[in-house]
Amino acid sequence: MDKLNCFSLTMNDHVAHLVLNKPESLNTMHPTFWRELDTVLHQLNNEGKARALVISSTGKHFSAGMDLETFSGAISMDADSPEGRAAIYDSLTDMQSTFTLLESMRIPVIAAIHGGCIGGAVDMVTACCIRYATQDAFFCIQEINIGMVADVGTLQRLPKLLPMGLVKELAYTGRRLSAANALNHGLVTQVFDTQEAMVAGALACAKEMANKPPVAIWGTKQALNYARDHSVEDSLRQMGWLQGAIWSNPHIREAIVAAKEKRPANFPPLSPLKGFKTYG
């Protein structure tokens with residue numbers, strides 16, 4: 001991968017750590033940010049080397065969301081013709097797909113959030129599996145404050161994570177949700193005193209996940225995401241097909257023996273993914 005401008009990426013013990021590293025611009029999201037994030041997520045997902053991903057940030061805020069200059073410069077929205085409005089739909093679909101990667105990729109994703117998580121950053125972290133926060137963290141659906149509707153995932157995912165009444169209050173007013181209230185309502189699972197402690201906690205949790213059978217983690221994520229959007233009956237049926245596809249006596253044997261011998265278990269990695277276009 002070429003050198004990243006908006007992020008840094010490291011890998012230790014099968015745990016990938018992606019850090020937003022443009023604190024001088026409050027880690028705002030612009031076309032380069034989107035391209036690099038999309039590239040990194042595809043690479044991690046396709047290679048199969050990482051078994052968990054932590055996303056953290058630098059500076060005062062996790063991210064101040066979309067770079068407002070994007071609207072007037074790099075991306076020009078043509079709302080004066082049906083063809084232009086159709087192009088808006090296609091552009092949004094492309095942007096949405098990058099954050100959806102966080103939800104659909106084969107490994108767990110933990111967001112470690114400090115300071116402001118604003119606008120597009122809420123879209124981003126709601127697509128992650130788990131959210132940790134510092135005491136000073138807050139969440140804001142900023143789009144309503146600049147005259148638009150949040151459009152890259154917040155309004156679709158947040159109602160699955162918070163009570164609908166609270167989501168409507170936040171979405172209609174643009175008010176901030178504190179880390180304490182986010183914890184009370186289940187949007188975040190842990191709140192830490194410092195950013196350093198939070199990142200350490202997120203990496204420790206990711207390492208614990210990375211020590212499990214990768215294919216069982218993959219199956220668990222598949223089942224949970226499916227169950228969120230389907231009935232219990234449909235989800236149980238899907239679970240039967242899923243378990244029948246990935247059941248592994250060797251994995252279960254290795255997990256039991258490793259526990260008895262008090263050693264780390266040894267599991268095979270996920271296979272690398274190769275799209276049809278890579279052949280030939």
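Keep in mind it's a predicted model, so treat the numbers as computed, not measured.
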Between [atom1] of [X] and [atom2] of [Y], what distance do you get to the nearest 0.5 Å?
{"X": "N27", "Y": "S56", "atom1": "CG", "atom2": "OG", "result": "10.0 Å"}
{"X": "D13", "Y": "E208", "atom1": "CG", "atom2": "CD", "result": "13.5 Å"}
{"X": "S57", "Y": "Q195", "atom1": "OG", "atom2": "CD", "result": "7.5 Å"}
{"X": "K3", "Y": "E36", "atom1": "NZ", "atom2": "CD", "result": "8.5 Å"}
{"X": "M11", "Y": "L18", "atom1": "CE", "atom2": "CG", "result": "11.0 Å"}
{"X": "K22", "Y": "L4", "atom1": "NZ", "atom2": "CG", "result": "10.5 Å"}

Inset, instruction - Could you check L170 against L162 for side chain to side chain contact (heavy atoms under 4.5 Å, CB included), going step by step and ending with a plain yes or no? - result: CA-CA 11 Å; L170 297 171; L162 290 174; 4.2 Å; yes
So if you build clusters from Ile, Leu, Val, Met, Phe, Trp, Tyr with side-chain heavy-atom gaps below 4.5 Å, do [X] and [Y] land together?
{"X": "F192", "Y": "V199", "result": "yes"}
{"X": "M198", "Y": "L187", "result": "no"}
{"X": "F267", "Y": "I246", "result": "no"}
{"X": "V40", "Y": "L101", "result": "yes"}
{"X": "L26", "Y": "V19", "result": "no"}

Legend entry - V215 vs H251, side chain to side chain contact (heavy atoms under 4.5 Å, CB included): CA-CA, chis, key distance, verdict: CA-CA 9 Å; V215 74; H251 291 178; 3.4 Å; yes
Mark yes or no for whether [X], through its side chain, and [Y], through its backbone, hold a donor-acceptor pair below 3.5 Å.
{"X": "Q190", "Y": "G201", "value": "no"}
{"X": "S8", "Y": "N21", "value": "no"}
{"X": "K221", "Y": "M105", "value": "yes"}
{"X": "D94", "Y": "D90", "value": "no"}

Inset, instruction - Quick one: name the residues clustered hydrophobically with V149, using the 4.5 Å side-chain heavy-atom rule over I, L, V, M, F, W, Y, and just say none if it's on its own. - result: L155
Inset, instruction - Would you mind listing the cluster partners of W247? Hydrophobic ones only (ILVMFWY), side-chain contacts under 4.5 Å, chaining allowed. - result: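 Besides W247, the hydrophobic cluster comprises I252, I256, listed by chain and residue number.
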Please examine the side chains of [Y] and [X], heavy atoms only from C-beta on, and report whether any two atoms are closer than 4.5 Å.
{"X": "W34", "Y": "M29", "value": "yes"}
{"X": "M209", "Y": "R51", "value": "no"}
{"X": "I55", "Y": "L102", "value": "yes"}
{"X": "F139", "Y": "V125", "value": "yes"}
{"X": "F138", "Y": "I118", "value": "yes"}
{"X": "N45", "Y": "I107", "value": "no"}
{"X": "I110", "Y": "C205", "value": "yes"}
{"X": "F33", "Y": "M66", "value": "no"}

Between [Y] and [X], is the closest basic N to carboxylate O distance under 4.0 Å?
{"X": "R35", "Y": "D38", "value": "no"}
{"X": "R157", "Y": "E103", "value": "yes"}
{"X": "E254", "Y": "R263", "value": "yes"}

Legend entry - Residue pair T154, D123: steps toward the side chain to side chain donor-acceptor pair (under 3.5 Å) verdict: CA-CA 4 Å; T154 290; D123 295 306; 2.6 Å; yes
Looking only at heavy atoms, what is the nearest atom pair of [X] and [Y], with distance?
{"X": "V122", "Y": "T126", "value": "O-OG1, 2.9 Å"}
{"X": "A206", "Y": "A52", "value": "O-CB, 3.6 Å"}
{"X": "P108", "Y": "C129", "value": "CA-SG, 3.8 Å"}
{"X": "G219", "Y": "L242", "value": "O-CD2, 3.1 Å"}
{"X": "A50", "Y": "L44", "value": "CB-CD2, 4.2 Å"}
{"X": "A179", "Y": "V188", "value": "O-CG2, 4.0 Å"}

Inset, instruction - Check step by step if ring-ring contact (aromatic ring centres under 6.0 Å, His included) holds for Y226 and W241. - result: CA-CA 12 Å; Y226 189 92; W241 298 331; 8.3 Å; no
Inset, instruction - Tell me yes or no: between the side chains of Q142 and N145, is some donor less than 3.5 Å from an acceptor? - result: yes
Inset, instruction - Tell me yes or no: between the side chains of D67 and T28, is some donor less than 3.5 Å from an acceptor? - result: no
Inset, instruction - Just do the side chain to side chain contact (heavy atoms under 4.5 Å, CB included) check on R131 and T189 with the steps written out, would you? - result: CA-CA 6 Å; R131 287 153 294 278; T189 55; over 6 Å; no
Inset, instruction - Mark yes when over 12 heavy atoms from residues, nucleotides or ligands other than K168 sit less than 6.0 Å from its NZ; otherwise mark no. - result: no
Inset, instruction - Using a cut-off of 6.0 Å, state whether more than 12 heavy atoms not belonging to E233 lie near its atom CD. - result: no
Inset, instruction - Check ring-ring contact (aromatic ring centres under 6.0 Å, His included) between H14 and all other residues, then give those that pass, not counting sequence neighbours. - result: none
